[in-house]
Amino acid sequence: MVSDSGLHATYLGPILERHGHAAANLLQILCEAQEYYGYIHPDAVDYLGAMLHLPRSRIEGVATFYSFLHLQPQGEYRVLFSDNITDRMLGSTALMQQMCQQMWVEPGKVSEDGLLSINTTSCSGMCDQGPAMLVNGRAITRLTHQCVQEIGMLIRNRTPLVDWPSDFFVVDDNIRRRGPLLDNKLEPGDSLRTALALGTQNIVGVIQQSCLRGRGGAGFPTGLKWESCRNAQGSEHYVVCNADEGEPGTFKDRVLLASYADLVFEGMTLCALAIGATQGYLYLRGEYRYLLEFLQFVLQRRREQNLLGKNILGQAGFDFDIAIHLGAGAYICGEESALIESLEGKRGIPRNRPPFPVTHGFLQQPTAVDNVETFCQAALAIQMGADNYRAIGTPKSAGSKLISVSGDCPRPGIYEYPFGVSVREVLHDCGAVNTRAVQVSGPSGVCIAEAEFDRRLGFEDLPTAGAFMVFDDSRDLFEVARNFVHFFAHESCGFCTPCRVGTSMLKATMDKIAAGLGTRYDLGEIEHLDHVLQTSSHCGLGRTACNPVLHTLKHFRPAYENRLKSLEFKPAFDLDGALARARQMTGRDDAGAHLKPEGA
Amino acid sequence: MTDTFQLDGAPVPFEPGQTVMQAALAAGRYIPHLCYHPEFKPHGSCKLCTVKVGGRTTASCTMPAEAGLNVESNIEELNALRRTLVQMLFVEGNHFCPSCEASGNCQLQATAYELQMMTPRFNEFYPDRPLDGSHPDILLDYNRCILCELCVRASSEVDGKHVFALAGRGITKHLIVNARSGLLKDTDMALTDKAMQVCPVGVILQKGVGFRVPIGERRYDQRPVSAQALDDAPRQAGVGGGCTACEGTS
C-alpha cells in the first residue's frame, strides 16, 4: 500500500462499494473516480490496484485506452469541441480558435493556472444542433461566438457548471417525420403484456416472422440472434443494449433514449423474456452522460411499476433488471465484441470470432447485443404482430428506419421512413438544395453523388445505421474525406498492424495532399493502403477506414487532382517546416529564419 | 483417420481444436507470423499470417481448422500483403538493424528477409520512444517494439507477474511496465522469467551478453525463419520435435 492514499480512499471507498469491488466494473469505477477528482491520480491507481487485486499496469492500460479518462491533471474545466465535419461546416474551427485566444490556451494543453483545457473530440452526436461541445462531459449545443464568449467568462469566474444558463444545455429532439415507431401509442408494459399473452416460447418466432433486422447497420436478423442466444448453453444469459452511438452523423439513439426510453427498456425486457436472461446492460456512450440520471429515473419507475425486478407483471420467475454502463470516448466500443470487453472493464479491443457473443459474450456467457433502435422495433413488432410489421418497408428490409439528417439542409433532425425510401425523397423532405453528395451511414458507409440519389435506403441497396450527412455544392469533398480519415486514425484501437499503422499513414497522405504536396503516386498509395486495410484488418473499423477516400475519389476525383503537384513523387518532408521548432525556440520568424521566402 | 484441409493444394492433417496455423506448422508447413508463439494462445494482431479461405481473408493463427477448407497462403498476393505489413512495422518503430544487438536473432528482420522486403517503402514515423536501462540485468529498448504482446502474455500467464501491459490506443499504443515510476527496476522482473525469452525483436535484452554470439552466427544467420519456425513448432504425433524444415509429414 502506498502512503497518502487516505485522500483517495475517502472517495474511492464508496465508489468501490457501489460497484461491489468487482474488477469487471473497472471502467465504471475509473469514470466515477475521475468525475469526482478531475483525473485519475497515481495514488488512486495504487489504491484501486490493491482493492481490486489488479496490477497497476492493467489499470493504466484501461485508463489510457479511453479518450475521456486522464492519468494527468486536466483543467478544472475540460472543453471539448465536437469535431465532426458537420460541426466544422457550422463553424466549430473558428469558435475553437476564438476560445483558445480568449482564454490564452493552446489546443490540447492545460492552461498554466490549471483552469481549463480546450481540445477536440469525435462527433458528440449533436449534428442536428451543432456546433457542439462537451464541458466536463456535459453537452452544449448551437454554439455561437457570443455563447463561446460567455462560456469563457463563466470559466474565468470559476462559475460551477450547475449555475450556467440552463438553455446552454438544451438538447432538442428535432423529430421531423414520424412513422410507426415515433408515433406509437404504447404505454409502459403494453408489449410485455402482449408477449406474455403470446407465450414466452413464441416471442422469438414472432420476431423472426416479422423479419426484423438489426438497426445498427449490419442488419443481422434479430430473431435468429435471439434464437441462437436462447439455445446456447450457459450459466447466465445477458441482454446488452448498444447505446454507444459513435458513428459520426448519427444521433437517433440519443432521441430514442431521451424520449422513448420506456420503449428501449421494454424491448430489452422482451428480449430477456425470450432468451431467458435475468440481467441486462445498457452501454451508454460517454457523450450522452447527460442522459444518465434521467435513464436511471425511468429504470426506477419501471421497477416500481413491476416492469423490472422480480416476477415482472406478476409472472412467476420472470426476473430481469437493467444496469447502465458508461463508455468513455471510444468509437470502437460500438463494435459488439469490443463493447463486451469494455463492459467487462477492459480495453475495448474487438474479440476474435468465432465464438460469437450469442454463445460466448459478456463473461463468456450467451449474450444478445442489439442496437437501441432494434429493441424499440422489437417491442413494436410484438405489439403490431409479425404480419402487420412485415407489411412496412421492403421484402428484405421490414419496418421503418430512423434517419439522422444533418449537414447542408434547413431542417436537420430525425426522420422516420419505411425502408426503401430514396435518397432524393429524404433530401426533398429536409429541404436540401444544390446537394452535391450525401454520406450515408457515416464515414464507414458510402458517399454518393447526385447521379445515385434515386438509390434506396435498405439492406437491398444502401444499408444504413441512420446517418445521413448532406453536402451542398459549396463543400469540398476532399476536406470531408480528410476529416473522416482523421477520425478513423484517432479511433483505431491499435490492436492489429494494418489498422493501427495504415490509418495513420492514410491520414499523413491526406494531410500531404492538403498541404499541396500530393502527387499521383500518393493516390496510388491510397489505393494500395485500402487493399491492405480491407483484406487484413481485424474488424470493420479498419476494413472501412478507406471508404471515405475511395468513394470521394470515385465521384469527386477533381477535388483531389486540383491539389496535386504534377510530379510523380514529392517527399512529405518539408525542410523549412523542420525548422519551425527552432524558430519557436528563438522567437524568430524573419526571412533569415526561413530557407525560402514566404509563399515561394 | 484424421481430418485434413487443403493448404496451397496439399493436404494438412489436423486435430480438433487446432487452428490452421497450428496444424500447418505441425505438418511442416510455414505460414509467416510474428505475434504467434506455439506456447501461447493465438490472438491474431500482427496479421502477417493472413490467408485466403474460400476467397475471404482471415488470420490463420486464430482460424479454427475445419475438414475440407481450401486455404491459400503462399501466393504472391498474400506475400505482397505480408511484405507491406512488415514494412508498416518497420516504419512505425525505430529499427536500425545494423546497430541493433538483436540483429540476426530478430524475427522481424528475418521475416523481412523471408518476404524479400527491399525497402521500407513508407515514410518513417520516427516515434519518440524511451530506453529503460534502470534494471541491473535487463535493458528495455522500446524503439523496436512491434506490440505483439508476447511479453505481456508470458509475464501474466507463465510468470504470474504482470510486468508488462499495453497502454494507449491506436498509433499511440505502447508497452508499459507495472510500476508507478514506469521503470523496469521497480517491477519484479527477473532474468529467469519467461517474458525474457519471447520478444521476437530486440526490446527485452539481457545486459552484458549483447555480442557474445557474433553477428553471422546467430539464429537466423544459420537458417531462415521459415525453417526455424518449424523447429519450434510442436510436431504432429509420431513426427517428434526438433525436426528440420526438409522433413515432411506422412
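So that the names make sense, note that chain A is the first sequence line, chain B the second, and so on, each numbered from 1. Computed from a predicted model, the values in this text were never measured in an experiment.
Within the 4.5 Å cutoff, no side-chain heavy atoms of B:Phe5 are placed close to those of B:Val53.
Considering OG1 of A:Thr509 and CG of A:Leu529, their distance stands at 6.0 Å, rounded to 0.5 Å. In this structure, the separation between CZ on B:Arg82 and CG on B:Asn79 is 5.0 Å, given to the nearest 0.5 Å. Note that SG of B:Cys106 is 8.0 Å distant from OH of B:Tyr220, once rounded to the nearest 0.5 Å.
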Exercise for review: Given side chain to side chain donor-acceptor pair (under 3.5 Å), test B:Thr62 with A:Arg353 step by step and report yes or no.
Suggested key: CA-CA 9 Å; B:Thr62 50; A:Arg353 296 177 296 174; over 6 Å; no
Exercise for review: Assess whether ring-ring contact (aromatic ring centres under 6.0 Å, His included) is satisfied between A:Tyr37 and A:His8, documenting all intermediate values.
Suggested key: CA-CA 9 Å; A:Tyr37 194 74; A:His8 297 279; 4.8 Å; yes
Review point. When you look at A:Phe487 and A:Tyr331, which way does the ring-ring contact (aromatic ring centres under 6.0 Å, His included) test go after all the steps?
Key: CA-CA 9 Å; A:Phe487 166 77; A:Tyr331 165 73; 4.7 Å; yes
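With a threshold of 4.5 angstrom between heavy atoms, B:Ile176 approaches chain A through side-chain atoms but not through N, CA, C or O. Using a 4.5 Å cut-off between heavy atoms, B:Leu81 contacts chain A through its side chain alone, with no backbone atom that close. Using a 4.5 Å cut-off between heavy atoms, B:Ala179 touches chain A through its backbone atoms (N, CA, C, O) alone. Interface residue A:His490: backbone and side-chain heavy atoms are both found under 4.5 Å from chain B. For B:Glu124, no part lies near chain A; criterion is any non-hydrogen pair under 4.5 Å. Using a 4.5 Å cut-off between heavy atoms, B:Val177 touches chain A through its backbone atoms (N, CA, C, O) alone. Interface residue B:Ile146: only backbone heavy atoms are found under 4.5 Å from chain A. For chain A, the nearby parts of B:His43 are the backbone and the side chain; heavy atoms of each come within less than 4.5 Å.
Here B:Thr84 is the residue among B:Thr84, B:Leu48, B:Thr50, B:Leu34 with the most heavy-atom pairs under 4.5 Å with chain A. By number of non-hydrogen pairs under 4.5 angstrom with chain B, the leading residue of A:Gln534, A:Met505, A:His538 is A:Met505. Per-residue counts of heavy-atom pairs under 4.5 Å with chain A were compared for B:Ala167, B:Ser45, B:Ala165; the largest is that of B:Ser45. Of the listed residues (A:Ala330, A:Ser536, A:Ser67), the greatest number of heavy-atom pairs within a distance under 4.5 Å of chain B belongs to A:Ser536. With respect to chain B, the highest number of heavy-atom pairs below 4.5 Å among A:Arg351, A:Glu491, A:Glu60, A:Arg58 belongs to A:Glu491. Comparing B:His162, B:Glu92, B:Lys161 by heavy-atom pairs within less than 4.5 Å of chain A, the highest count is held by B:Glu92. Counting heavy-atom pairs under 4.5 Å between each of A:Pro42, A:Ala508, A:Cys499 and chain B puts A:Pro42 at the top.
Counting all heavy atoms, side chain and backbone alike, B:Tyr142 lies closest to B:Arg129 at O-NH1, 3.0 Å.
Contacts of residues 332-349 of chain A with chain B at a heavy-atom distance below 4.5 Å involve A:Arg347, listed in sequence order.
By the 30° and 60° cut-offs, the orientation of the rings of B:Phe40 relative to B:His37 is perpendicular.
Judged by distance alone, with hydrogens and angles left aside, the side-chain atoms of B:Ser134 form a donor-acceptor pair with the main-chain N or O of B:Lys185 at under 3.5 Å. No donor-acceptor pair closer than 3.5 Å links the side chain of B:Asp8 to the backbone N or O of B:Glu72.
The side chain to side chain contact (heavy atoms under 4.5 Å, CB included) test with A:Cys546 singles out one residue from A:Leu533, A:Thr503, A:Ile526, and that residue is A:Leu533.
Inspection of the B:Asp186 and B:Ser181 side chains reveals an N or O donor paired with an N or O acceptor under 3.5 Å.
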